[in-house]
2 protein chains.
Amino acid sequence: MTAGIRHEDLRRRNRAMVLSSMRRMGQPSRTEIAAATGLSNSTISAISAGLMQEGLLLEGKSEMANAKRGRPQVALELNPCACSIVAVVLSLNSLSAALIDYAGSVVMEGHKRIPTLTLGKDALVAELLDVIRSLLRHRKEKAERVIRISIAIQGITDCAEGTMLWSPITAHTDIAFGRIVEAEFGIPCTIENDCNMIAVALRWRTPERFRDNFVSLLLSNGIGMGLFLKGQLFTGTRSSGGEFGHMMHRPGGALCRCGRRGCIEAYAGNYAIWRNARGGGGDDLPIADISQSEMRHLADTARDHDGPEREAYRRAGEAIGYGLGSLFALVDPAPVMIVGAGAEAFDLLERPMREAIARTVGGQNASDLTFDAEPNELPLTREGCAMHALTFIDHEIFSNGPLPLERTKAA
Amino acid sequence: MTAGIRHEDLRRRNRAMVLSSMRRMGQPSRTEIAAATGLSNSTISAISAGLMQEGLLLEGKSEMANAKRGRPQVALELNPCACSIVAVVLSLNSLSAALIDYAGSVVMEGHKRIPTLTLGKDALVAELLDVIRSLLRHRKEKAERVIRISIAIQGITDCAEGTMLWSPITAHTDIAFGRIVEAEFGIPCTIENDCNMIAVALRWRTPERFRDNFVSLLLSNGIGMGLFLKGQLFTGTRSSGGEFGHMMHRPGGALCRCGRRGCIEAYAGNYAIWRNARGGGGDDLPIADISQSEMRHLADTARDHDGPEREAYRRAGEAIGYGLGSLFALVDPAPVMIVGAGAEAFDLLERPMREAIARTVGGQNASDLTFDAEPNELPLTREGCAMHALTFIDHEIFSNGPLPLERTKAA
DNA sequence: GTCATTCTTTTTCGTTGCGAAAAAAAGATA
DNA sequence: TATCTTTTTTTCGCAACGAAAAAGAATGAC
């Protein structure tokens, strides 16, 4: 049973509306916000006045270099000092964190290489806490309250519980990162799937192409997917969902890292390509990690001449293509962004992918399909993680009114 | 850019809220509605007064047989005479239509067997118009305004355009049933996918099991799916979506009715089971229609002794199982309802289905999965079609206020 | 049979939030 | 300097909600 709408909800939603317009539009004037939201000028004026009094908005000094007649518009902007967040990206052998202000700028960042595969559970948690702690300790402005910590992790997460259920970066499972971080710092913490955050970032970066419906595929040792449908991030009903890499490609086929047989990943993950190129059968146990240079070498060999390497990439592209075909049977075709190490070898993958897709119902008009490739996933992941947390704050925290504790220390 | 909320939207949404509570709860009192919606008593009183004045609601005479003290609650109910709709189900060789009043009761119905496969395009349209026309002509109360016609069709539909894009019941494609019906009767008409309507009906019938997340699979000559996720009917971004039957089962495998190879349907559709049981290879062209009695005979043989028939059912169950595994990799597992002729053979399918699912990541804890079977799909389809149209009316028409034309002829 | 009790529904009143329109502000242009 | 143009703020009226009081409609106690 859906709940009715109270009168007070109205202001809350419209405040959230204004904040999200601000975040999208950068430095809009009140009039522009009014036009974007469809609300009247007076309403925007009232709401923005409130937001400014609460310290969330600033009147920009930049006089909006419009050479128009009439009273010049005054630019508004999100107040960077209103609060800040910490975005953490934990991936294979890499731990990266950044302090981000309310306007979305990186204030400080840290990166550390850690052997995630061999670290114990406690040591892994300790490293994570450490990176966050040093960010919190060294920030300049004490007044900048950090009100949220968001962690993007490769693997399956339970967002509601703040738990990492399973991840390829460690043998340990069911680590309640969220609860642990909250207990340590007293700051709300959420856990997100890395591929979902990549999709969020794409939407911010390239809205003209990746807006309401699109797919982002992360090709590395494993295969991950982020999916937007009808303008909404698609997640599972309980878990982070969208385990594209473990859709079935060939029943009873090659051995996958997950222990089953025939998953897409068992044909298209780095380890699978490596295995096929080396002539290993599908029964060989998956290798935990293939170095980037080794994969590059493999790709170069495949480019150079026909042989097992090229065939391995062909089979990978085929698996991904059929998978996309099945996906598109369910949701209609959409633009695809290939992210991660696999994007470097996209020239080897594209053709077999397109051929496979064209053999599916989902791939009707497969030639219309657009693919883009972006090898560097870390910046995307962090950006998405940050924007996800900030928009959450806009909608769930600041739409309700001022923060409970006092904000202005000066004066 | 999402739109801001105006003041007038508030009342509209809350009216819709009250109407949907009414529809779900049957004959609730104002107090019960207030509790369900979270709105205050006074608001519900005001809204229901308005709805009664507009003729949408009635105060029930039934004195709500509560033996409690205090002022007795007075039951409200949807006014059956407020309007009515026509729900049409067009499936293989069968055309069925019903006139449904605003409270959801069937006022009149008609059914006709027509040879959909051999009829020409115009003849098919003529039959459809004919059934609707006779319902409209013979209804008793002229005052009962029919304000919507909803057609459920097997196949792929474009809901926005009101077009049937492709259907197994006829060789003709791209028939704009919606526009044609609207032009003929001057009544808004929508086209829906039959499996989606089945899912809608299940949600109404058995909300305790099929509520927020569930799958309904229609197993007949083709394979269709209806899917609810997070309480929302899942549809494609453009088409009706959810073409489960054309997800890829075995790349390059058996020939499917859609012209591709290896679709789930090419292993689990009636024609595929028949083909496998008869020892025909996967290269044989699919048969358009297998009679129900023939399929029953096939199933009986499979039950009786091991042999090609049983093997055919095993392969069908396997294909469906792997498909569900892939689906559940994307959306997390959910209860499944098997509908249609295939439900009669569910005893033959269940075991291979469960075995296949257990071999997928999506099928973790496959033993928890629940399956139900309901052979008779027509009543479900019609019920879903009707409820879908009625809830649409609640939300989009009546939430805006009284209908433009006068409603009360009496007095 | 009358009155107290109990619960539902309606009414009254105060508050909030929106939009329209008027007023004020801040330049550009003549 | 006066006029024009556009933005922003202010004022005012209206719609909708909730709280609380009042009215209504029964049951149960005496």
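Here is the naming used below: chain letters follow the sequence lines, and residue numbers restart at 1 for every chain.
Nucleotides of DNA chain C nearest to Glu59(B) and Gly38(A) differ in position, and the one nearer the 5' end is that of Glu59(B).
Whole-Å rounding puts the Met17(A) CE to dG17(C) C1' distance at 17 Å. We find that CD1 of Ile47(B) is positioned 12 Å from C1' of dA15(D), with the value rounded to whole Å. At whole-Å resolution of the value, CG in Leu39(B) and P in dA19(D) are 11 Å apart. Put simply, CD1 on Ile44(B) is 12 Å from C1' on dT9(C), counting in whole angstrom units. The distance from atom CG of Leu10(B) to atom C1' of dG18(D) is 13 Å, rounded to the nearest whole Å.
Using a 4.0 Å heavy-atom cutoff across all strands shown, Thr31(A) reaches sugar-phosphate atoms only and no base atom. Asn41(A) comes within 4.0 angstrom of a base, heavy atoms only.
For dA19(D), its base never sits under 3.5 Å from the side chain of Ser40(B) at any donor and acceptor pair. Residue Arg71(A) places a side-chain atom within donor-acceptor reach of the base of dT7(D), judged by atom type and a 3.5 Å distance cut-off alone.
Taking only side-chain nitrogens and oxygens, Asn14(A) comes nearer than 4.0 Å to OP1 or OP2 of dC18(C). For the pair Arg11(B) and dA15(D), the criterion of a side-chain N or O lying under 4.0 Å from OP1 or OP2 is not met.
Between Asp9(A) and Arg6(A) there is no salt bridge, since no side-chain N of the basic residue sits under 4.0 Å from a carboxylate O of the acidic one. In this structure, Arg148(B) does not pair ionically with Glu396(B), as no charged nitrogen and carboxylate oxygen lie closer than 4.0 Å.
You'll find that the side chain of Arg30(B) is closest to dT10(C), out of dT10(C), dC18(C), dT8(D). Set against dA16(D), dG27(C), dA20(C), the side chain of His7(A) has dA16(D) as its closest nucleotide.
Annotation: cation-pi geometry satisfied between Arg23(B) and Tyr102(B) (NZ/CZ under 6.0 angstrom from ring centroid, within 45° of ring axis).
The side-chain heavy atoms of Leu233(B) and Val200(B), taken from C-beta on, include a pair separated by under 4.5 Å.
Rounded to 10 degrees, the angle separating the terminal helix axes of the helix from dG1(C)-dC30(D) to dA30(C)-dT1(D), each built from five base pairs, is 20°.
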